[in-house]
A.B. asks: 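Once you've had a glance at the structure underneath, I'll fire off some questions.
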Amino acid sequence: MKSYFYIFIFLTSTLLFSCTGPSSETSESEPTNVLQGIKLKTLEGENIDLTTYKGKTLVINFWATWCAPCLKEMPSIERAQQKLQDDDVAFLLVSNEPKGQIRKFLDNHEFNLAFAKLDMPLDQLDVKGLPTTFIISESGQLAFSETGAREWDTEENLQLIRSSADNSDLQNM
């Protein structure tokens, strides 16, 4: 009986760890324009058309008011925005929380950043944790995606943002 138990565990774990769902990777011949797949609203409830950012590098940071690492990295995002003001780079900080909760947060914190409300489930964007940052190239392709906080105003990270301008390959650094 013990041997059947171990065989069951082995087969179950093999099946569990070897099965994957549909791949989120795109083929090189058909790149996905990420800008068309993300649904956002302003805090006033207006739809945001992300295709208006085509031609710019767009840094989208997914965050939440309760997320300590998110709040810790916000000042560095603000400083990065300031340092990249002469580059074609735009920053959006996006939360899936209720607009009132985001507004209350902003009433208690002064950030010179653009904030938006996610108008779709986070899992549709394959966001599995917060903070998650997407850097979208000038052509609308996902150039970088990472979960976890960074100091975005370091020279290394500023260069990552600049180099993502025309890079449509997904990179995790």
Side-chain angles (χ1 to χ4, degrees), residues 16-17 19-27 30-54 56-81 84 89-153 157 160-161 164-165 167-173:
L16 180 66
F17 292 111
C19 293
T20 59
S23 173
S24 63
E25 294 180 26
T26 58
S27 68
E30 295 182 39
T32 302
N33 187 317
V34 178
L35 298 176
Q36 296 172 350
I38 301 175
K39 295 178 180 139
L40 302 177
K41 290 192 180 280
T42 66
L43 296 183
E44 289 73 37
E46 302 291 322
N47 288 329
I48 297 174
D49 180 7
L50 289 178
T51 60
T52 60
Y53 289 98
K54 201 163 186 175
K56 291 183 177 228
T57 301
L58 179 60
V59 179
I60 300 179
N61 179 266
F62 297 94
W63 70 284
T65 59
W66 50 262
C67 170
C70 300
L71 305 182
K72 183 178 179 191
E73 79 175 346
M74 275 188 192
S76 74
I77 294 171
E78 189 172 38
R79 290 187 302 268
Q81 176 181 258
L84 295 170
V89 178
F91 290 81
L92 280 175
L93 278 77
V94 175
S95 176
N96 67 342
E97 295 173 297
K99 290 181 280 188
Q101 191 169 341
I102 298 169
R103 277 201 186 108
K104 184 176 179 180
F105 170 84
L106 294 175
D107 288 344
N108 294 316
H109 298 83
E110 290 191 32
F111 289 109
N112 186 23
L113 295 163
F115 289 86
K117 163 89 173 89
L118 186 65
D119 196 29
M120 62 190 293
L122 275 172
D123 61 349
Q124 285 185 7
L125 297 172
D126 203 28
V127 173
K128 296 184 178 14
L130 298 175
T132 291
T133 303
F134 290 175
I135 302 177
I136 301 169
S137 71
E138 294 172 348
S139 61
Q141 308 307 309
L142 185 61
F144 177 85
S145 173
E146 179 181 69
T147 299
R150 279 184 179 236
E151 287 294 317
W152 285 101
D153 60 330
N157 289 321
L160 169 67
I161 295 168
S164 296
N167 182 1
S168 61
D169 295 327
L170 178 66
Q171 10 172 347
N172 286 303
M173 297 180 78

A.B. asks: Give the intermediate values and the outcome of side chain to side chain contact (heavy atoms under 4.5 Å, CB included) for residues Val34 and Leu58.
C.D. replies: CA-CA 11 Å; Val34 178; Leu58 179 60; over 6 Å; no
A.B. asks: Please indicate whether Lys41 has more than 12 foreign heavy atoms, meaning atoms of other residues, nucleotides or ligands, lying under 6.0 Å from its NZ.
C.D. replies: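 Yes, the 6.0 Å shell around NZ holds more than 12 heavy atoms from other groups.
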A.B. asks: Do Leu50 and Leu92 come close enough that some side-chain heavy atom pair is under 4.5 Å?
C.D. replies: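 Yes, side chains in contact.
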A.B. asks: I'd like to know if the side chain of Lys117 reaches the main chain of Asn96, judged simply by a donor and an acceptor atom lying under 3.5 Å from each other, with no hydrogens or angles considered.
C.D. replies: yes
A.B. asks: Should we say atom CD of Glu44 is surrounded by more than 12 heavy atoms from elsewhere, each under 6.0 Å from it?
C.D. replies: yes
A.B. asks: Could you please spell out the steps behind the side chain to side chain contact (heavy atoms under 4.5 Å, CB included) verdict for Trp152 and Ile161?
C.D. replies: CA-CA 9 Å; Trp152 285 101; Ile161 295 168; 3.9 Å; yes
A.B. asks: Do any pairs count as a ring-ring contact (aromatic ring centres under 6.0 Å, His included) and have a residue in residues 115-140, sequence neighbours left out, and if so which ones?
C.D. replies: Phe62-Phe134, Trp63-Phe115
A.B. asks: Taking the side chain from Gln81 and the backbone from Asn112, do they hold a donor-acceptor pair closer than 3.5 Å?
C.D. replies: yes
A.B. asks: With distance as the sole test, does Glu97 use its side chain to make a donor-acceptor pair with the main-chain N or O of Ala64 at under 3.5 Å?
C.D. replies: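 Between the backbone of Ala64 and the side chain of Glu97 there is no qualifying donor-acceptor contact (under 3.5 Å).
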A.B. asks: For Thr147 and Thr132, which I'm curious about, is there any donor-acceptor pair between the side chains at under 3.5 Å?
C.D. replies: yes
A.B. asks: Please step through side chain to side chain contact (heavy atoms under 4.5 Å, CB included) for the pair Ile60 and Thr133, ending with a clear verdict.
C.D. replies: CA-CA 6 Å; Ile60 300 179; Thr133 303; over 6 Å; no
A.B. asks: For Ile136 and Ile38, what are the C-alpha separation, side-chain angles and deciding distance, and is it a side chain to side chain contact (heavy atoms under 4.5 Å, CB included)?
C.D. replies: CA-CA 12 Å; Ile136 301 169; Ile38 301 175; 4.3 Å; yes
